[in-house]
Amino acid sequence: MPSPKSYHFTLPKSKRPGEVSLNEPWYPGVQPYWPTCTTKRSVDPIMGITTVVIHATAGGSSAGAISVMKKPTDAASFHWLVPDEDEDQHGELVWACVPEALAAWHVRNAASHPDVNDGARRVNHWSLGIEVVNKQELDPFSPWQVEITARIVRHCWAKYPNLAHVVSHAKLDPDRRTDPGTLFDWERFKHLVLNGEADAIPVAVASAKPLSELPASEALGCCHT
Ligand SMILES: [Zn+2]
C-alpha cells in the first residue's frame, strides 16, 4: 500500500479541461468566521494558484470539520469539504467553506516539500485545500468521495491557469500528518483527475457562489492543521 507521504502528481498543461461545473453551496453559517480563519493571499488569487492540497478530517462529520473554523484561537480552514457517506449531502454536493480568493489555513506555514512549488513555504497562500470527511485508520472512503474530490480538482484546473500540483497534506508535512491516509485510493483519484471521467458524475444543478466575497483579515495567520 503506498504511503500518503508519497501522494503527489502534476497536471500537464496539454490536458487542462474546459469549465467543469461543481455543486458547491456555502456551508451554512460560515461567513462570519472568515475574518478569523483566513488571510489575504500574498499572490495573485488566480495566476498565483499552483497547488491543491488533499486532506482528510480524522473525524466523522462535516459539522465537526467546520467547528475548527469557529475556534477563537488556533482556527483552521479549507476551501471545500466533501461529506461522508452517512451524511445527507453525500452524492449531492460539496460544501464551499472559504472563498477561493482568500488563503485558507490548512497547512502550517513552516511546511514545504522541494517537489512542490520549488519548496516554497507558506503553502496556504498559493494553494487550495480540500477536506474529505473520513475518520481515518480503518474508515474506507466511498467511491463518490474519491470521484467528487477529483472533480473539484478538475474544476480548479479549469479555473486556475498555473495549477500544476496535486499533493497530500502528508507529503507537505510528513512528520506531523498522514492525511488523507492509506485508504484514500490515490491511483484511482489521479486517473480520474487526469482523464476527466468524474466530470460525468450527475450532480444537482450547480449553484453560483455570491460575487461579493468578504475581505480577509490582514493579520498573518498561523496554520495549526
Ligand atoms: Zn490535513
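Numbering of ligands and ligand atoms starts at 1, following listing order. Here, residue 1 is the first one in the sequence, and each next residue gets the next number.
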Answer yes or no: are there more than 12 heavy-atom neighbours, outside Asp44 itself, under 6.0 Å from its atom CG? yes
If you round to the nearest 0.5 Å, how far is CG of Leu172 from CZ of Arg177? 12.5 Å
Have a look at Asp179 and say which of its N, O or S atoms is nearest the Zn ion (ligand 1). OD2
I'd like to know whether the aromatic ring centres of Trp80 and Trp26 sit less than 6.0 Å apart in this structure. no
Checking only N/O/S atoms, does Glu131 have one that is under 2.8 Å from the Zn ion (ligand 1)? no
Assess the pair His106 and His55: is the distance between their ring centroids shorter than 6.0 Å? yes
Could you tell me whether any N, O or S atom belonging to His106 is less than 2.8 Å from the Zn ion (ligand 1)? no
Please note down the angle at the Zn ion (ligand 1) between ND1 of His169 and ND1 of His55, to the nearest 10°. 100°
